[in-house]
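Have a look at the structure below, then the notes.
Residues take their numbers from the sequence shown, with the count starting at 1. Every number for a ligand or one of its atoms is a count from 1 in the order of the listing. As the structure is a prediction and not an experimental result, all values here were calculated from the model.
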Amino acid sequence: MSPPPPPPPSPGGSCIFCRIAAGEIPANVVKRADGMLAFTDVSPQAPTHLLVIPTTHVSSLNDAKDAASLGKLLGFARDVAKEAGIDQKGYRVVVNTNPDGGQTVFHLHLHVLGGRPMHWPPG
Ligand code: 5GP
Ligand code: ZN
């Protein structure tokens, strides 16, 4: 028997990325896949700054229980970077987690940043 389908994004809820996933808040969506969405960051920190999210709510990396889904999300971010044309020169994938990690939106997301050289160490 196949597993039950995941719950849909919570429409009408307060999570901004759930609302984007549900189409309640507009976003510049660049790619969709099964249970995943990529859209441009509203406040870009690089010429290319995309956000990759699971469409069901997971608050942070700490709350992601399913390693296979995390792997899919990372592969999706890689595909998004390739389609954005930043894969050859290079890019950075960032997952800010909880306050010390700089997380401000508590729905798991991967930042995909490129189009300029990135600095190290990060701030
Ligand atoms: P965090 O600080 O949690 O790692 O990243 C949250 C990101 O979400 C920030 O880069 C911020 O600019 C972006 N963001 C916040 N609200 C919105 C929104 O309504 N639409 C889009 N496209 N990005 C958002
Ligand atoms: Zn959410």
### Residue portion contacting ligand 1 (non-hydrogen atoms closer than 4.0 Å) for I25
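Answer for I25: neither.
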### Message
Applying a heavy-atom cut-off of 4.0 Å, say which part of T104 lies close to ligand 1: side chain, backbone, both or neither.
### Response
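It is both backbone and side chain that touch ligand 1.
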### Query
Going only through I, L, V, M, F, W and Y residues with side-chain contacts under 4.5 Å, is there a path from V93 to I86?
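As far as the 4.5 Å side-chain criterion goes, I86 and V93 are connected within one cluster.
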### Message
For R116, is the CZ atom crowded, meaning more than 12 foreign heavy atoms sit under 6.0 Å from it?
### Response
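Enclosed.
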With heavy-atom distances below 4.0 Å as the criterion, list the atoms of ligand 1 near [X].
X	answer
S43	12 (O)
G102	1 (P), 2 (O), 4 (O)
H111	1 (P), 4 (O), 5 (O), 7 (C), 10 (O)

Kindly confirm or rule out an N or O of [X] lying under 3.5 angstrom from an N or O of ligand 1.
X	answer
I20	no
L51	no
Q103	no

### Task
Given side-chain contact (heavy atoms from CB on, under 4.5 Å), test L73 with M36 step by step and report yes or no.
CA-CA 7 Å; L73 209 58; M36 300 178 289; 3.6 Å; yes
Ignoring hydrogens and geometry, is there a side-chain-to-backbone donor-acceptor pair from [X] to [Y] under 3.5 Å?
X	Y	result
D41	S43	yes
E83	V30	no
S60	V58	no

When you measure from the heavy atoms of [X] to every atom of ligand 1, does any distance fall below 4.0 Å?
X	answer
H109	yes
T40	yes
A27	no
F106	no

### Task
Describe, in one word, how the ring planes of H57 and H107 are oriented to each other, choosing from parallel (under 30°), tilted (30 to 60°) and perpendicular (over 60°).
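The arrangement is perpendicular - the two ring planes meet at more than 60°.
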### Query
Rounded to 10°, how big is the angle at the Zn ion (ligand 2) from C18 SG to C15 SG?
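Seen from the Zn ion (ligand 2), SG and SG are separated by roughly 120°.
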### Query
Between D34 and K72, is the closest basic N to carboxylate O distance under 4.0 Å?
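D34 and K72: salt-bridged.
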### Query
With the Zn ion (ligand 2) as the point of reference, which N/O/S atom of H107 is the closest?
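Closest N, O or S atom of H107 to the Zn ion (ligand 2): ND1.
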### Message
As a test of reading the structure, name the N/O/S atom of H57 that is nearest the Zn ion (ligand 2).
### Response
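In H57, the N, O or S atom with the shortest distance to the Zn ion (ligand 2) is ND1.
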### Identified side-chain contact (heavy atoms from CB on, under 4.5 Å) partner of L110 from the options V80, L74, L50, V94
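Option passing the side-chain contact (heavy atoms from CB on, under 4.5 Å) with L110: L74.
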